[in-house]
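Note that the structure is predicted; figures quoted are calculated from it, not measured.
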Amino acid sequence: MIPLAQPVQVGRQLLPHRIAMAPMTRNRAAQPGNVPSALNAEYYRQRAGAALIITEASQVSEQGQGYSFTPGVYTPEQIAGWRLVTDAVHAAGGRIFLQLWHVGRMSHPSFHSDGLPVAPSALAPDARVWVADAEGVGRMLHCPTPRALETEEIPFVVEQFRSGAAHAMRAGFDGVEIHGANGYLIDQFLRTTSNHRTDQYGGSTENRMRFALEVADAVIDEIGADRVGMRLAPYLTARNMACPEIIPTILSLAHELDQRGLAYLHLVEADWDDAPEIPEEFRHELRAAFRRAILAAGRYDAAKAERYIEAGLIDVAAFGRPYIANPDLAERILDGHPLSDITAPDALFGGGAEGYTTYAAYGEQPTRNDPPTLRN
């Protein structure tokens with residue numbers, strides 16, 4: 001049996017193979033209210049052959065939103081919408097985790113009725129976010145300088161993650177992934193370039209890890225460690241996140257999460273054209289720090305995935321963009337079938353069914369009808 005076809009235990013989930021679907025923001029939550037819909041349920045149902053689906057990031061509060069049409073997990077309507085998704089995936093035999101998200105400074109004032117986005121420190125990210133107008137037409141807008149969280153506010157943000165995990169269980173998810181990567185709020189606390197605090201949440205490695213560990217502890221307390229993963233991006237440099245201390249910080253955090261019995265770590269590898277390769281030394285150090293399952297995503301193909309699985313450095317490979325045009329990606333890889341290319345690049349973010357649920361499984365004809373948009 002080839003390595004990708006072997007089953008593997010991840011927390012309380014026995015995965016039938018090692019090809020997961022990575023989280024991808026697609027900006028198709030129904031409006032008003034950023035509510036998952038039947039369209040989202042069909043999209044995930046089509047991809048239920050993945051060993052594990054990790055959903056697009058879902059904000060844990062109104063404060064946590066940074067892009068238009070991203071789903072939330074904090075209102076009864078959103079929970080009910082996510083139940084459509086989990087029921088569809090489970091009926092198709094799949095397993096699905098919800099990614100919990102607070103973007104921090106990666107946001108825009110249009111999402112915040114009470115003012116600016118929040119962050120560890122009042123430092124701008126030099127980044128843009130996708131913001132749609134009343135007609136649903138989106139454009140990229142610069143993130144402003146955020147407001148630094150007061151020390152007494154931070155426990156309330158931690159509780160947003162706890163509530164998000166509880167709501168995910170009500171919605172029928174098999175577990176949750178805490179988004180600690182890509183320059184969002186947890187990552188912002190971890191890095192000296194985005195965290196200039198002088199209280200117990202800034203300065204030393206221990207202090208910069210405090211918020212991430214408080215979030216992990218709250219979510220673990222709510223739903224159990226074997227239902228929880230965390231995503232980390234050690235080699236991110238964009239968004240003013242190039243921190244000289246991030247590698248030892250990530251390794252220390254991985255050790256702490258291992259001690260807590262976390263189900264998995266999800267390693268984000270750089271996926272832009274001239275991105276550096278993750279050093280082999282770091283892969284071995286991460287494996288020594290975290291003994292449970294390691295998922296990895298970032299321009300993987302079958303050969304790369306099997307090489308690192310055989311070396312014992314990862315346990316599951318998570319594929320992102322290939323799952324857009326190949327809803328049956330795992331089956332295609334395991335059966336040796338060719339992969340399809342994305343034919344509707346303009347539909348990656350926002351829109352309706354076209355370029356979302358219209359890609360076909362191998363040997364089937366694509367769906368060409370695009371039902372009316374679900375936005376109001």
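With a 4.5 Å cut-off on side-chain heavy atoms, L185 and P120 count as touching. Using a 4.5 Å heavy-atom threshold, the side chains of F290 and L232 count as separate. At least one side-chain heavy atom of N195 sits less than 4.5 Å from a side-chain heavy atom of S121. Side-chain contact between E214 and Y201 is present, with heavy atoms from C-beta onward closer than 4.5 Å. Between Q63 and P117 the shortest side-chain heavy-atom distance does not fall below 4.5 Å. Here the side chains of H102 and V118 are in contact, with some heavy-atom distance below 4.5 Å. Looking only at side-chain heavy atoms (C-beta outward), H112 and S107 come within less than 4.5 Å of each other. For the pair T70 and V103, the minimum side-chain heavy-atom distance is 4.5 Å or more.
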For the pair N34 and Q31, evaluate side chain to side chain contact (heavy atoms under 4.5 Å, CB included) and give the outcome as yes or no after the intermediate values.
-> CA-CA 5 Å; N34 296 315; Q31 304 302 314; 2.9 Å; yes

Would you check, one step at a time, whether the test salt bridge (charged side-chain N to carboxylate O under 4.0 Å, His left out) holds for K304 with E269?
-> CA-CA 12 Å; K304 179 179 177 180; E269 302 186 24; 3.3 Å; yes

Show the numbers, then the answer: is there a side chain to side chain contact (heavy atoms under 4.5 Å, CB included) between F97 and T55?
-> CA-CA 6 Å; F97 275 36; T55 71; over 6 Å; no

Could you go step by step and tell me if L251 and F282 meet the side chain to side chain contact (heavy atoms under 4.5 Å, CB included) rule?
-> CA-CA 9 Å; L251 292 172; F282 173 80; 3.7 Å; yes

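Side chain of R105 to main chain of A148: no donor-acceptor pair is present (N/O by atom type, distance under 3.5 Å, no hydrogens or angles). The main-chain N or O of L116 is never found under 3.5 Å from a side-chain atom of R147 such that the two would form a donor-acceptor pair. For R26 (side chain) and L348 (main-chain N/O), a donor-acceptor pair under 3.5 Å exists by modelled atom type. Remark: the backbone N or O of A171 is paired with a side-chain donor or acceptor of T86 at under 3.5 angstrom. A donor-acceptor pair under 3.5 Å links the side-chain atoms of E153 to the main chain of E150, judged by distance alone. Without hydrogens or angle criteria, H179 side chain to A181 main chain gives a donor-acceptor distance under 3.5 Å. Remark: the backbone N or O of D174 is not paired with any side-chain donor or acceptor of R95 at under 3.5 angstrom. R292 places no side-chain N or O within donor-acceptor distance of the main-chain N or O of V10, the cut-off being under 3.5 Å. With hydrogens and angles ignored, the 3.5 Å screen pairs no side-chain donor or acceptor of Q59 with any backbone N or O of G64.
There is no path of hydrophobic side-chain contacts, each under 4.5 Å, that joins V268 to I247. Hydrophobic clustering of Ile, Leu, Val, Met, Phe, Trp and Tyr side chains at less than 4.5 Å, counting indirect connections, keeps V35 apart from I79.
Y44 and E56 share a donor-acceptor pair across their side chains, judged by distance under 3.5 Å alone. Side-chain atoms of D335 and Y362 include no donor-acceptor pair closer than 3.5 Å. In this model, no donor atom of one side chain and acceptor atom of the other lie less than 3.5 Å apart for Y74 and Q65. If you check the side chains of E177 and Y264, you find a donor sitting under 3.5 Å from an acceptor. For the residue pair Q160 / S61, a side-chain donor-acceptor distance below 3.5 Å is found, with atom types taken as modelled. Q13 and Q9 share no donor-acceptor pair across their side chains, judged by distance under 3.5 Å alone. Side-chain atoms of D199 and T151 include a donor-acceptor pair closer than 3.5 Å.
Between D221 and R162 there is a salt bridge, with a side-chain nitrogen of the basic residue lying less than 4.0 Å from a carboxylate oxygen of the acidic one. Using a 4.0 Å cut-off between charged nitrogen and carboxylate oxygen, R210 and E256 do not count as a salt-bridge pair. Using a 4.0 Å cut-off between charged side-chain N and carboxylate O, R208 and E245 make a salt bridge. Salt-bridge formation is detected for the pair R291/D258: a Lys NZ or Arg NE/NH1/NH2 atom is positioned less than 4.0 Å from an Asp or Glu carboxylate oxygen. At a threshold of 4.0 Å, the pair R227-E222 does not count as salt-bridged, since none of the basic side-chain nitrogens sits closer than that to a carboxylate oxygen. Under the 4.0 Å criterion applied to side-chain N and carboxylate O atoms, D315 and R287 are assigned as salt-bridge partners. R260 and D217 are joined by a salt bridge, as a carboxylate oxygen and a charged side-chain nitrogen come within less than 4.0 angstrom of each other.
A 6.0 Å sphere centred on CD of E281 holds no more than 12 heavy atoms belonging to other residues, nucleotides or ligands. Within 6.0 Å of atom CD in E206, 12 or fewer heavy atoms from other residues, nucleotides or ligands are found, so the atom counts as exposed in its surroundings. Around atom NE2 of H196, more than 12 heavy atoms belonging to other residues, nucleotides or ligands sit under 6.0 Å away.
Closest approach of P3 and E310 over heavy atoms only: CG-CG, 3.5 Å. Nearest approach of R18 to P7, heavy atoms of both residues: NH2-O, 3.3 Å.
A cation-pi arrangement is not found for R28 relative to Y43, the charged atom failing to lie both closer than 6.0 Å to the ring centre and inside a 45° cone about the ring normal.
Here I324 contributes atom CD1 and R321 contributes atom CZ; the two are 5.5 Å apart, rounded to the nearest 0.5 Å. One distance of note links CG of L253 with CE of M209; it measures 6.0 Å at 0.5 Å rounding. Expressed to the nearest 0.5 Å, how far CZ of R83 lies from CZ of F173 amounts to 9.5 Å. Taken from CZ in R128 to CZ in R239, the straight-line distance is 11.5 Å, to the nearest 0.5 Å. With values rounded to the nearest 0.5 angstrom, R45 atom CZ is found 12.5 Å from I96 atom CD1. The structure places CG of D187 at 6.5 Å from OG of S194, a figure rounded to the nearest 0.5 Å.
Taking the centre of each ring, Y67 and F111 stay at or above the 6.0 Å mark. Side-chain rings of W101 and Y184 approach one another, their centers coming within less than 6.0 Å.
The one candidate from I2, D301, L4 that meets the side chain to side chain contact (heavy atoms under 4.5 Å, CB included) condition with I333 is L4.
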